[in-house]
Amino acid sequence: MAGKIRQMIDLIIHQRAKNNPMLERVIKTKLMLKGVNPKKFDMESPDDPAILLKLERMMQMFK
Amino acid sequence: MHIQTAFSNKDSAEASVRELAEGLSAFDPKLVLFFASTKYIPANICQLMQNAFPGAEVFGCSTAGEIVSGQMLTNAIVAMAFSAEAIKDLSLQVVQDLHDEQHLTNAFKVFETHFKTPMADIDPTEHVGIILIDGLSGAEEGFIESIGDLTNVTFIGGSAGDDLKFAATHVYANGKSYQNAAILAMLKPGVDFTFIKTQSFRDLGIPLEVTKADEFSREVMEFNGQPAAASYAAAIGTTVDKAPEHFIQNPIGLVIDGEPYVRSPQQIKDSSILFYCSVMEGMELSLLESTDMLDDTKQSIDQAKEELGGISGIVNFNCILRTLDLTQKGQTQDYGKLFSAVPTIGFSTYGEQFLGHINQTATMLVFK
């Protein structure tokens, strides 16, 4: 399977930033500090379970 | 004036707190933030500070050197008092176990109740968080990462110090002293605010990709598929034996949009390098080279002043490695003078927080 990481990154940015460019930058920085560089993932990227776990946790905690 | 500062370096805690209280006596503070040398017994200094300001929320931490408007100090206590106009609302929480995430999520539930708003909806342009955390816990990375997951509100702060004894650091709130703990303050300022994150390094464009690491022990075993120590030394152009001589001037950094998030090497262990904060496998880091700290800091303050249209207070979380570098160069007085014109307090930290846990950086909360 591929592309799930890209989808989740986009979802997290959309969910948290709500089209605010300043918040988008902050969230991308937080992702990079977690070791997830948004620029490195596209719809062809394999679904790495360790990265998916980090992203799922990030989504779950922001409620 | 909605923000005032005071300091004291008297020998006894009682005399120092009395002097601080007299310095702030014309003021009815809603919040008092303080940073104190470990020459003051932790359990005593926090109790005295709370008693001196009974109508205020009082919190702080131990230090490895203090900063007040115009001066860098040692063996002193510094305090900043905020009026109800400066801080309209706040909630203070002590997280007593840094390794149990439930304690952190409970603190954020209290914030939600206090501000009557779900965390996801608390406006980060109107609220700011301060974090003071045990500087010897080794837990800062995971803790600040979890905070970043829980909220869009920016938390800024520092890791408590202990005057370079590396024995025990303390955080203080409500008249009590804590270890393996963090103080979280969620503030709703009544004035505009911004942040400074300044580190005096430029990116040399020499990549060091982390190919093997143990993030929990802050150890990097390999850069670019080679033993970390040898790879770092080669990037510098020196030998492994001499590489530690370059650690202060040439740390490495995760460069995001041109902005380095510094990871400082601490020591070489066999063929690995131990860092002052964790480095994750897969991170593409870059070798950095030091620039002029006084110039860079001045520029950052000037930019913040221009952005806000004036500054009424600065809280400066300044890395101990920066302080040691300034001391070595005989520049501590010059650094202190950068803050002469503005009510400022700060301390030399064992780590800085801004979005993540970082090294060799000054993170500052700046109020208009």
Side-chain angles (χ1 to χ4, degrees), chain A, chain B residues 101-102 104-105 108-109 112 117-125 140-156 194-195 197 209-211 213 215 220 253-263 277-286 307 353-358:
Chain A
M1 294 290 285
K4 199 168 176 188
I5 292 174
R6 180 73 256 167
Q7 285 178 335
M8 286 186 75
I9 288 171
D10 290 342
L11 193 58
I12 286 168
I13 291 171
H14 176 74
Q15 172 201 28
R16 297 186 62 139
K18 295 178 177 133
N19 297 320
N20 178 327
M22 186 273 289
L23 281 179
E24 279 184 20
R25 278 199 303 278
V26 167
I27 293 156
K28 283 176 184 171
T29 300
K30 286 180 181 177
L31 284 164
M32 289 190 72
L33 289 168
K34 285 176 183 291
V36 181
N37 183 349
K39 289 178 187 162
K40 283 179 68 176
F41 297 97
D42 58 27
M43 292 308 289
E44 310 302 320
S45 303
D47 295 342
D48 181 333
I51 294 176
L52 286 172
L53 199 64
K54 285 184 187 183
L55 298 174
E56 279 164 11
R57 184 189 130 85
M58 198 173 175
M59 286 184 73
Q60 202 174 21
M61 288 187 73
F62 189 74
K63 290 175 182 169
Chain B
E101 197 170 85
Q102 192 58 46
L104 176 63
T105 52
F108 274 77
K109 282 178 189 160
E112 288 186 329
T117 312
M119 275 315 301
D121 295 332
I122 292 185
D123 186 348
T125 65
E140 294 103 318
E141 294 88 345
F143 195 77
I144 190 74
E145 187 179 312
S146 294
I147 288 174
D149 289 346
L150 284 161
T151 181
N152 277 341
V153 173
T154 299
F155 274 73
I156 189 167
T194 190
F195 308 101
K197 169 184 164 293
E209 183 177 353
V210 183
T211 44
E215 64 183 88
V220 175
L254 176 65
V255 181
I256 303 173
D257 296 331
E259 179 84 8
Y261 288 72
V262 182
R263 274 79 185 101
C277 69
S278 78
V279 179
M280 291 175 189
E281 229 168 77
M283 272 186 173
E284 293 170 352
L285 305 175
S286 197
E307 178 188 337
Q353 286 82 45
F354 180 75
L355 303 181
H357 179 57
I358 43 185

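Reckoned from all heavy atoms, side chains included, excluding hydrogens, waters and symmetry mates. Bear in mind that the values here come from a model prediction, so they are computed numbers and not experimental data. Reminder, nothing fancy here: chain letters follow the sequence lines and each chain counts from 1.
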| said: Just verifying a value: how many Å separate A:Arg25 CZ and B:Ile256 CD1, rounded to the nearest 0.5 Å? | reply: 12.5 Å
| Atom group of B:Glu112 that falls short of 4.5 Å from chain A, counting heavy atoms | side chain
| said: Please report the interatomic distance OG1(A:Thr29) to CG(B:Leu355), rounded to the nearest 0.5 Å. | reply: 6.0 Å
| task | For A:Arg16 and B:Thr151, indicate whether the former's side chain and the latter's backbone hold a donor-acceptor pair under 3.5 Å. | result | yes
| Does a salt bridge link B:Glu101 with A:Arg57, judged by any charged N lying under 4.0 Å from a carboxylate O? | yes
| query | What part of A:Lys18 lies closer than 4.5 angstrom to a heavy atom of chain B: side chain, backbone, both or neither? | reply | side chain
| field | B:Ser278 versus chain A, the contacting section by heavy-atom distance below 4.5 Å | value | neither
| said: Is any side-chain heavy atom of B:Met283 closer than 4.5 Å to one of A:Met32? | reply: no
| Should the heavy atoms of other residues, nucleotides or ligands under 6.0 Å from NZ of A:Lys4 be counted, would the total exceed 12? | no
| message | What part of A:Leu23 gets within 4.5 angstrom of chain B, counting heavy atoms only: side chain, backbone, both, or neither? | response | side chain
| field | Contact origin within B:Glu259 toward chain A - heavy atom pairs under 4.5 Å | value | neither
| message | Between A:Lys34 and B:Asp149 (salt bridge meaning N to carboxylate O under 4.0 Å), is one present in this structure? | response | yes
| Do you know which of B:Ile144, B:Asn152, B:Leu150, B:Asp121 has the most heavy-atom pairs under 4.5 Å to chain A? | B:Asn152
| field | salt_bridge(B:Glu145, A:Lys30) N-O dist < 4.0 Å | value | no
